[in-house]
There are 2 protein chains.
Amino acid sequence: MQDSLSQTFSALADPTRRALLARLSKGEASVSDLAKPFLKEMSLPAVTKHLKVLEKAGLITKGREAQWRPCKLNVVPIKDATDWMEQYRIFWEESLDRLDDYLKTVTTKQKSKGSKNGRSKQTK
Amino acid sequence: MQDSLSQTFSALADPTRRALLARLSKGEASVSDLAKPFLKEMSLPAVTKHLKVLEKAGLITKGREAQWRPCKLNVVPIKDATDWMEQYRIFWEESLDRLDDYLKTVTTKQKSKGSKNGRSKQTK
DNA sequence: TGGTTAATTAACCTGAAAGTTAAATATGCA
DNA sequence: TGCATATTTAACTTTCAGGTTAATTAACCA
């Protein structure tokens with residue numbers, strides 16, 4: 001058995017499953033509704049399996065209504081994954097800062113037609 | 001070949017690889033440095049393979065310095081993955097709002113010993 | 001009761017992921 | 001040169017993911 005973060009990431013690591021989630025973000029849908037856009041590319045049981053993966057990862061829950069299984073999105077594991085990723089946010093914000101500084105340097109250079117230093121990355 | 005989001009998510013879907021990234025977030029390290037904490041559980045070539053997965057996903061880059069291959073974190077794909085997840089943020093914020101409302105209702109009830117509305121979720 | 005629709009299960013195939021051990025490749029240094 | 005260290009590659013095994021087709025289950029409806 002896998003830890004739940006791994007399960008979430010691996011559920012998300014498939015474009016069909018991400019598309020299913022995207023569809024469900026617009027509202028509940030039955031299995032055949034969900035499958036419809038994919039039936040050119042794969043069989044219904046294949047979609048069933050994808051849904052099972054999503055269900056095991058806690059990303060969707062299936063209800064029952066007559067012969068339909070209305071699926072709905074559960075976003076909690078996505079939030080958990082996002083929370084995990086947050087620990088890296090500082091890194092890309094940092095690098096955006098550097099980009100910012102760099103752009104400022106370029107702008108300055110353009111205005112003053114000259115650089116105060118020979119290196120490219122030096123500001124700040 | 002996989003699309004890059006799938007590659008990122010699938011690279012992140014392994015606790016060893018996430019631990020490697022976490023280690024790299026503290027600074028560059030060589031392969032053997034990185035491997036050290038895992039050598040009780042797996043062989044060095046296994047770690048090499050994990051690093052290759054991370055490298056192919058663009059999450060790290062390997063340099064060379066004598067016989068060492070210093071690895072460093074590249075956080076861009078993580079940002080991309082986060083950006084993708086952002087489309088779901090509204091959902092969990094929504095549900096936190098509902099929780100918030102609920103807590104407010106409970107508090108109000110405690111203070112006023114009565115509820116202003118007759119909705120179903122208010123008890124308990 | 002029997003037919004239709006919705007969905008799942010079973011049995012199977014193929015390929016790739018994740019690990020192994022052993023051998024090969026670089027690089028530094030005495 | 002030749003040995004030691006760092007890392008990768010090769011060859012192999014096992015397990016699992018993702019797909020298939022065919023059969024089965026479940027519910028509705030006439």
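So you know, we letter chains A, B, ... as the sequences are listed, proteins then strands, and number each from 1.
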From C-beta outward on [X], which listed nucleotide comes closest to its side chain: [options]?
| X | options | answer |
| --- | --- | --- |
| Leu44(B) | dT21(D), dT7(D), dT9(D) | dT7(D) |
| Thr48(B) | dT20(D), dT8(D), dA7(C) | dT8(D) |
| Ser43(B) | dT20(C), dT9(C), dA27(D) | dT20(C) |
| Pro45(B) | dT9(C), dT9(D), dA27(D) | dT9(D) |
| Met42(B) | dA6(D), dG19(C), dG18(D) | dG19(C) |
| Arg17(B) | dA27(D), dA18(C), dT20(C) | dA18(C) |
| Gln67(B) | dT5(C), dT5(D), dT9(C) | dT5(D) |
| Asp14(A) | dG18(D), dT9(D), dA18(C) | dG18(D) |
| Ser32(B) | dT7(D), dT20(C), dT27(C) | dT7(D) |
| Ser30(A) | dG18(D), dA7(C), dA26(C) | dA7(C) |

[X] [atom1] to [N] [atom2]: how many Å, rounded?
| X | N | atom1 | atom2 | answer |
| --- | --- | --- | --- | --- |
| Gln2(A) | dA17(C) | CD | P | 14 Å |
| Glu41(A) | dG19(D) | CD | P | 9 Å |
| Leu20(B) | dT7(D) | CG | P | 13 Å |
| Lys52(A) | dA17(D) | NZ | C1' | 15 Å |
| Leu34(B) | dA6(D) | CG | C1' | 13 Å |
| Arg69(B) | dT5(D) | CZ | P | 17 Å |
| Lys56(A) | dC16(D) | NZ | P | 11 Å |
| Lys49(B) | dT15(D) | NZ | C1' | 13 Å |

Joint cluster assignment, [X] & [Y], ILVMFWY side-chain distance < 4.5 Å:
| X | Y | answer |
| --- | --- | --- |
| Trp84(B) | Val75(A) | yes |
| Ile90(A) | Ile78(B) | yes |
| Leu34(A) | Val53(A) | no |

Report yes if at least one side-chain N or O of [X] is closer than 4.0 Å to OP1 or OP2 of [N]; otherwise report no.
| X | N | result |
| --- | --- | --- |
| Arg64(B) | dT27(C) | yes |
| His50(A) | dA17(D) | no |
| Lys62(B) | dT8(D) | yes |

* Please examine the side chains of Asp80(A) and Thr8(A), heavy atoms only from C-beta on, and report whether any two atoms are closer than 4.5 Å. =>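 The answer is no; the side chains never approach within 4.5 Å.
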* Asked: Less than 4.5 Å apart, any side-chain heavy atom of Arg89(B) and any of Thr82(A)?
  ->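 Yes, their side chains come closer than 4.5 Å.
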* Asked: Can you tell which of Arg17(B), Lys49(B), Lys62(B) makes a salt bridge (Lys or Arg N to Asp or Glu O under 4.0 Å) with Glu55(B)?
  ->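 Between Glu55(B) and the candidates, salt bridge (Lys or Arg N to Asp or Glu O under 4.0 Å) is satisfied uniquely by Lys62(B).
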* Asked: If you find the nucleotide of DNA chain D closest to Ala46(A) and the one closest to Asp33(B), which residue's nucleotide is nearer the 5' end?
  ->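 Looking at the nearest nucleotide for each, Asp33(B) comes out on the 5' side.
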